[in-house]
Asker: 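This is the structure I want to talk about, given as structure tokens.
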Amino acid sequence: MTQLDRVTKPKTKRAKRFIEKRDPKLLENTKNAMLIKGGNTSETVTEALKNIYSLKKPNAVLYKKKNITRPFEDQTSVEFFSKKSDCSLFMFGSHNKKRPHNLIIGRMFDYHILDMIELGIEKFHGLSDFKNSKSAEGSKPMLVFAGDLFELDNNHKRLKNLLIDFFRGPTVLNIRLGGLEIVLHFTALAGKIFMRSYKVLMKKSGCRIPRIELEEMGPSFDFVLKRTHLASDDLYKKSLQQPKSLKAKKKKNLSRDVFGTSYGRIHMEKQDLAKLQTRKMKGLKRKGAKVAAAAPAAAEEEEEVVEEDQAGSNSKSARVE
């Protein structure tokens with residue numbers, strides 16, 4: 001057991017807040033990424049890590065010192081750094097004769113490596129190679145993927161999912177049009193992955209919607225897919241599980257069509273239109289129903305009066321006789 005694994009009781013309020021911040025939550029925080037330099041690195045790898053760090057700021061940590069480790073052979077050191085810096089994403093850069101200009105991108109689940117993919121850099125152009133304005137720090141990028149391999153090949157499918165997890169940034173509820181400044185385009189073609197970064201330029205169009213132009217700003221990569229370390233289907237499925245309290249409850253008699261329109265079925269009792277409340281006016285009062293109900297009773301009373309009169313006349317005529 002390492003020092004980070006020990007359960008210690010906080011002695012100060014600051015330490016208590018620090019421990020509560022790292023506790024499991026129903027809604028997870030924005031994922032942070034750590035960028036680590038290996039024992040041997042080239043100038044290309046060092047610049048690549050710095051450029052990706054500039055895209056990921058402020059949700060990233062850059063380790064500038066060299067760390068002698070091999071993630072595909074020994075994962076303990078990467079898991080230690082993940083727990084120390086509270087990062088669930090990592091990128092490891094290294095360089096040697098067998099694997100030149102190498103980048104390993106991966107992610108964690110419960111501070112243990114879940115997925116890990118090795119990419120070799122064949123061509124690289126940094127931010128300094130493009131003489132134009134850059135995007136603001138902390139901008140949320142738009143991700144575009146092109147190529148059939150991202151839909152057909154299992155390794156490219158997992159790479160696409162990993163890149164989305166790495167570059168997507170914080171989850172937001174509302175989006176401002178002016179805040180969409182970066183486009184990251186990934187293309188899978190002929191066994192390579194091409195990454196291009198563009199800045200969105202909004203120009204006048206004569207109407208409310210601006211005219212959009214893309215200007216390449218860097219970094220630009222040509223990757224080759226090398227080794228992979230993918231989680232099993234059971235572990236991957238477990239990492240995607242959500243708490244029951246976050247799952248939306250199914251509503252009865254509610255359905256959606258292809259366009260997302262909601263349709264509901266309502267059950268109602270048969271309405272009596274005679275009791276329907278309308279506008280109260282003297283001219284609209286319902287007297288007809290009351291008169292119709294009172295007419296039979298008045299007719300019966302008249303018949304009784306006539307019979308009594310006839311009985312009285314018969315009695316008088318009997319006395320006269």
Side-chain angles (χ1 to χ4, degrees), residues 2-5 18 21-22 29-108 111-131 133-141 162-163 165-170 182 184 195 197 217-224 226-227 229:
T2 62
Q3 186 177 0
L4 293 174
D5 293 327
F18 178 80
K21 187 178 179 181
R22 295 197 173 193
N29 301 331
T30 303
K31 294 183 178 181
N32 295 325
M34 56 181 181
L35 309 176
I36 307 171
K37 290 176 65 176
N40 295 320
T41 56
S42 62
E43 185 178 353
T44 301
V45 172
T46 304
E47 287 298 319
L49 291 174
K50 289 181 180 179
N51 280 250
I52 293 175
Y53 173 68
S54 65
L55 290 178
K56 284 289 296 178
K57 284 195 295 187
N59 301 313
V61 178
L62 177 63
Y63 289 97
K64 297 181 179 180
K65 294 183 179 180
K66 295 182 178 181
N67 298 277
I68 303 174
T69 182
R70 295 181 178 88
F72 276 91
E73 299 173 7
D74 184 16
Q75 303 173 359
T76 55
S77 58
V78 178
E79 292 172 355
F80 173 81
F81 283 120
S82 172
K83 190 171 291 187
K84 181 181 178 181
S85 57
D86 192 23
C87 294
S88 55
L89 302 167
F90 73 91
M91 181 173 283
F92 180 84
S94 62
H95 172 73
N96 53 46
K97 186 176 181 180
K98 188 178 180 180
R99 293 183 175 85
H101 312 305
N102 215 35
L103 286 180
I104 299 174
I105 181 172
R107 55 186 167 188
M108 303 286 183
Y111 297 111
H112 296 287
I113 289 180
L114 180 69
D115 292 330
M116 197 163 43
I117 296 177
E118 188 178 57
L119 300 173
I121 302 175
E122 286 194 345
K123 190 176 180 182
F124 168 68
H125 294 288
L127 289 166
S128 57
D129 296 333
F130 298 91
K131 307 299 180 182
S133 59
K134 312 302 177 185
S135 62
E137 179 181 326
S139 299
K140 184 178 174 65
L162 182 57
L163 291 172
D165 215 11
F166 194 90
F167 288 106
R168 70 176 183 176
I182 307 175
L184 298 182
M195 175 182 170
S197 305
M217 68 170 191
S220 171
F221 292 95
D222 290 356
F223 291 120
V224 177
K226 295 183 178 179
R227 293 181 293 177
H229 172 82

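Along the sequence shown, residues carry numbers from 1. Both backbone and side-chain heavy atoms feed into the values below; hydrogens, waters and symmetry mates do not.
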Asker: Report all side-chain donor-acceptor pairs from residues 86-95 shorter than 3.5 Å, counting only partners two or more places apart or in another chain.
Answerer:
unit_1	atom_1	unit_2	atom_2	d
Asp86	OD1	Tyr111	OH	3.0
His95	ND1	His101	N	3.0

Asker: Show your reasoning for whether salt bridge (Lys or Arg N to Asp or Glu O under 4.0 Å) applies to Glu118 and Arg227.
Answerer: CA-CA 5 Å; Glu118 188 178 57; Arg227 293 181 293 177; 2.9 Å; yes
Asker: Identify, with sequence neighbours excluded, every residue that meets salt bridge (charged side-chain N to carboxylate O under 4.0 Å, His left out) alongside Lys31.
Answerer: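 Expected list: Asp165.
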Asker: Rounded to the nearest 0.5 Å, how far apart are NZ of Lys134 and OG of Ser139?
Answerer: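 One gets 13.5 Å once the value is rounded to the nearest 0.5 Å.
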Asker: Which residues satisfy the ring-ring contact (aromatic ring centres under 6.0 Å, His included) test with Phe166, sequence neighbours excluded?
Answerer: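 With neighbours one apart ignored, the set is empty.
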Asker: For Glu47, give me all partners under salt bridge (charged side-chain N to carboxylate O under 4.0 Å, His left out), at least two apart in sequence or on another chain.
Answerer: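 Applying salt bridge (charged side-chain N to carboxylate O under 4.0 Å, His left out) to Glu47 gives none.
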Asker: For residues Ser85 and Met34, report the shortest heavy-atom separation together with the two atoms involved.
Answerer: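 Between these two residues, the closest heavy atoms are OG-SD, 3.8 Å.
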Asker: Working to the nearest 0.5 angstrom, can you tell me the gap between Asn102 CG and Ile121 CD1?
Answerer: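 The CD1 atom of Ile121 is 8.0 Å from CG of Asn102, to the nearest 0.5 Å.
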Asker: Drop me the distance from Leu103's CG to Ile52's CD1, to the nearest 0.5 angstrom.
Answerer: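 Separation between the atoms: 5.5 Å.
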Asker: Work out which heavy atom in Leu55 is nearest to a heavy atom in Pro219; give both atom names and the distance.
Answerer: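 Residues Leu55 and Pro219, closest heavy atoms: CD1-CD, 3.8 Å.
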Asker: Would you list the atom pairs, donor with acceptor, under 3.5 Å between side chains in residues 59-68 and any protein atom, with sequence neighbours excluded?
Answerer:
unit_1	atom_1	unit_2	atom_2	d
Asn67	ND2	Lys65	O	3.0

Asker: With sequence neighbours left out, write down each residue that passes side chain to side chain contact (heavy atoms under 4.5 Å, CB included) with Glu73, or none if nothing qualifies.
Answerer: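 For Glu73, the residues satisfying side chain to side chain contact (heavy atoms under 4.5 Å, CB included) (neighbours in sequence not counted) are Arg70.
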Asker: For the CE atom of Met116 and the CG atom of Leu114, what is their distance to the nearest 0.5 Å?
Answerer: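 Reported to 0.5 Å precision, the distance equals 10.5 Å.
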Asker: Where do Arg168 and Pro141 come nearest, in terms of heavy atoms and distance?
Answerer: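 Minimum heavy-atom separation between Arg168 and Pro141: O-CD, 4.2 Å.
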